Amino acid sequence: QVQLVESGGGLVQPGGSLRLSCAASGFTFSSQTMGWYRQARGKERELVALILSILGITKYADSVKGRFTISRDNAKNTVYLHMNSLQPDDTAVYYCYSSFHQGYWGQGTQVTVSS
């Protein structure tokens with residue numbers, strides 16, 4: 001059974017930081033591309049960041065480049081999203097993603113950026 005369990009979301013002030021975590025199980029974690037998507041209220045789901053299985057190559061949406069960092073710990077089957085300089089426009093539900101099979105998403109964790 002594939003499981004992706006996100007944690008670390010919450011309420012943060014503009015300019016603040018959060019770290020999201022995704023604990024994965026049910027597949028060979030180290031061989032899969034992992035990532036984060038987000039969906040803001042009334043908007044379509046968008047890709048935030050990807051980290052490939054080989055060499056840790058990363059990709060970022062232009063809107064978060066320079067502010068967010070994706071990383072993975074293959075020994076812990078965990079992928080992280082470090083978010084800095086958060087803006088109100090970053091408010092969304094954030095979903096962990098795995099490329100296993102045709103792709104899986106977790107249940108999501110809410111990030112709210114507000115003063």
Side-chain angles (χ1 to χ4, degrees):
Q1 178 82 328
V2 173
Q3 286 191 302
L4 300 172
V5 182
E6 301 97 334
S7 61
L11 176 64
V12 65
Q13 294 181 331
S17 299
L18 283 174
R19 186 187 73 169
L20 306 183
S21 299
C22 172
S25 61
F27 60 95
T28 303
F29 179 86
S30 61
S31 69
Q32 301 298 319
T33 293
M34 301 295 296
W36 292 91
Y37 286 75
R38 69 185 182 186
Q39 187 168 22
R41 183 174 297 180
K43 304 295 184 181
E44 294 185 346
R45 183 187 63 182
E46 66 172 343
L47 176 65
V48 176
L50 290 174
I51 183 163
L52 275 59
S53 61
I54 305 299
L55 300 177
I57 297 170
T58 57
K59 302 285 187 180
Y60 297 94
D62 288 342
S63 59
V64 307
K65 189 180 292 293
R67 299 188 298 119
F68 291 10
T69 302
I70 188 171
S71 61
R72 65 193 296 164
D73 187 337
N74 288 341
K76 297 181 179 179
N77 287 1
T78 302
V79 62
Y80 305 94
L81 186 68
H82 296 258
M83 305 184 293
N84 300 129
S85 301
L86 283 161
Q87 315 279 3
D89 284 348
D90 296 316
T91 296
V93 178
Y94 285 71
Y95 298 93
C96 183
Y97 166 82
S98 170
S99 65
F100 180 72
H101 200 241
Q102 293 183 330
Y104 286 86
W105 287 262
Q107 294 181 351
T109 184
Q110 176 72 45
V111 172
T112 302
V113 184
S114 176
S115 60

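None of the values given here were measured: they were computed from a predicted structure.
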Measuring from atom [atom1] of [X] to atom [atom2] of [Y], what distance do you get when rounded to the nearest 0.5 angstrom?
X      : Y     : atom1 : atom2 : answer
Leu81  : Cys22 : CG    : SG    : 10.5 Å
Asn77  : Gln3  : CG    : CD    : 12.0 Å
Ser17  : Arg19 : OG    : CZ    : 12.0 Å
Tyr80  : Trp36 : OH    : CH2   : 10.5 Å
Asp89  : Lys43 : CG    : NZ    : 9.0 Å
Tyr104 : Ser99 : OH    : OG    : 11.5 Å

Test side chain to side chain contact (heavy atoms under 4.5 Å, CB included) on Val2 and His101 and set out the steps. CA-CA 10 Å; Val2 173; His101 200 241; over 6 Å; no
Would you kindly confirm whether [X] and [Y] end up in one hydrophobic cluster when ILVMFWY residues are joined by side chain heavy atoms under 4.5 Å apart?
X      : Y     : result
Leu55  : Leu52 : yes
Trp105 : Val48 : no
Ile51  : Phe27 : yes
Leu50  : Val64 : no

Between Ser115 and Pro14, the two heavy atoms sitting closest are N-CD, 3.6 Å
Measure across Ser53 and Ser30 and return the closest heavy-atom pair with its distance rounded to 0.1 Å. CB-O, 3.3 Å
Is any side-chain heavy atom of [Y] closer than 4.5 Å to one of [X]?
X     : Y     : value
Val79 : Cys96 : yes
Met34 : Phe29 : yes
Ser98 : Leu4  : yes

Flag, side chain of Tyr97 to backbone of Thr33, donor-acceptor distance under 3.5 Å: no
Look only at the side chain of Gln32 and the backbone of Phe100, and say whether a donor-acceptor pair between them is shorter than 3.5 Å. yes
Exactly one of Leu86, Leu11, Leu18 clears side-chain contact (heavy atoms from CB on, under 4.5 Å) with Val113, and that residue is Leu86
Reference residue Leu20; test side-chain contact (heavy atoms from CB on, under 4.5 Å); the match among Glu6, Arg38, Met83, His82: Met83
Are more than 12 heavy atoms, taken from residues, nucleotides or ligands other than Ile57, located less than 6.0 Å from that residue's CD1 atom? yes
Can you confirm whether Gln107 is buried at CD, in the sense that more than 12 heavy atoms of other residues, nucleotides or ligands lie under 6.0 Å from that atom? no
